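Worksheet for the structure shown next.
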Amino acid sequence: MLLRQMKYFLAAVYCKSFNEAAKQCFISQPSFSLQIKQLEKELGVKLINRNNCNFSLTPAGEKFYEPCKRIVGDVQNLMQNMQHFAETNQVPSYIIGCKTGYNVCHLLNVINMLNKNSETYHL
């Protein structure tokens, strides 16, 4: 089961239409339908009753909906938390250049010496 498939399932429930959900997810309707079918096949249950004009969740779909919503929400929160962590805990970066013809081996030795003597940055 892929997180993407779970998001597609939630979009289908929200839109009550595969066509509208596919548009919202920026994929073609046939690809969207295939992902839902693959999810159902992996779970071994039909999640959605779909006819031309009718859309409804099966009992299995109703049972799957809330945990699916929680898991997708938890993953989205985790992603936001990690992005915030990355933004607030970034190690400073420095760019060091040298003139053409400079002894690169000497430069690398200086960088290694600086790296050994500092825990606040890494060159």
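Given the structure is predicted, the values throughout are model-derived calculations rather than measurements.
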(Q) Parallel, tilted or perpendicular: which one describes the rings of F18 and F32, with boundaries at 30° and 60°? (A) perpendicular

Q) Is there a donor-acceptor pair under 3.5 Å between the side chain of T58 and the backbone N or O of N49? A) no

(Q) Quick check: is F9 connected to Y14 through a chain of hydrophobic side chains (ILVMFWY, heavy atoms under 4.5 Å apart)? (A) no

Q.
Evaluate R50 against I36 for side-chain contact (heavy atoms from CB on, under 4.5 Å), listing each step before the verdict.
A. CA-CA 11 Å; R50 41 199 179 278; I36 297 297; 4.3 Å; yes

Q. Distance from L78 atom CG to Q83 atom CD, nearest 0.5 Å?
A. 10.0 Å

Q.
Given 3.5 Å as the limit, does a donor-acceptor pair link the side chain of E40 with the main chain of K46, or not?
A. no

**Q.** Verdict with supporting geometry, E20 and K23, salt bridge (charged side-chain N to carboxylate O under 4.0 Å, His left out)
**A.** CA-CA 5 Å; E20 288 302 313; K23 287 179 187 177; 3.7 Å; yes

Q: Dump the intermediate steps for side-chain contact (heavy atoms from CB on, under 4.5 Å) on V72 and Q76, then the final yes or no.
A: CA-CA 6 Å; V72 170; Q76 288 173 338; 4.0 Å; yes

Q. For the atom pair NE2 (H84) and CD (Q80), what is the distance rounded to the nearest 0.5 Å?
A. 11.0 Å

Q) With hydrophobic residues grouped by side-chain heavy-atom distances under 4.5 Å, do L34 and L2 end up in a single group? A) no

Q: Mind listing the closest non-hydrogen atom pair of K63 and P67 along with its distance?
A: O-CD, 3.3 Å

Q) So do Y65 and L47 actually touch side chain to side chain, heavy atoms under 4.5 Å? A) no

Q. Please, which pairs that meet salt bridge (Lys or Arg N to Asp or Glu O under 4.0 Å) have at least one residue in residues 64-90, sequence neighbours excluded?
A. none

(Q) Quick check: do V13 and L57 have side-chain heavy atoms less than 4.5 Å from each other? (A) yes

(Q) How close do A12 and I48 get, counting heavy atoms only, and between which atoms? (A) CB-CD1, 4.2 Å

Q. Any chance the side chains of Q35 and S31 put a donor and an acceptor closer than 3.5 Å?
A. no

Q) Is atom CE of M82 surrounded by more than 12 heavy atoms (other residues, nucleotides or ligands) closer than 6.0 Å? A) yes

Q: Decide yes or no for M1 and L43: does some side-chain heavy atom of the first lie under 4.5 Å from some side-chain heavy atom of the second?
A: yes

Q: Indicate the atoms forming the closest heavy-atom contact of Q24 with C15, along with that distance.
A: OE1-SG, 2.9 Å

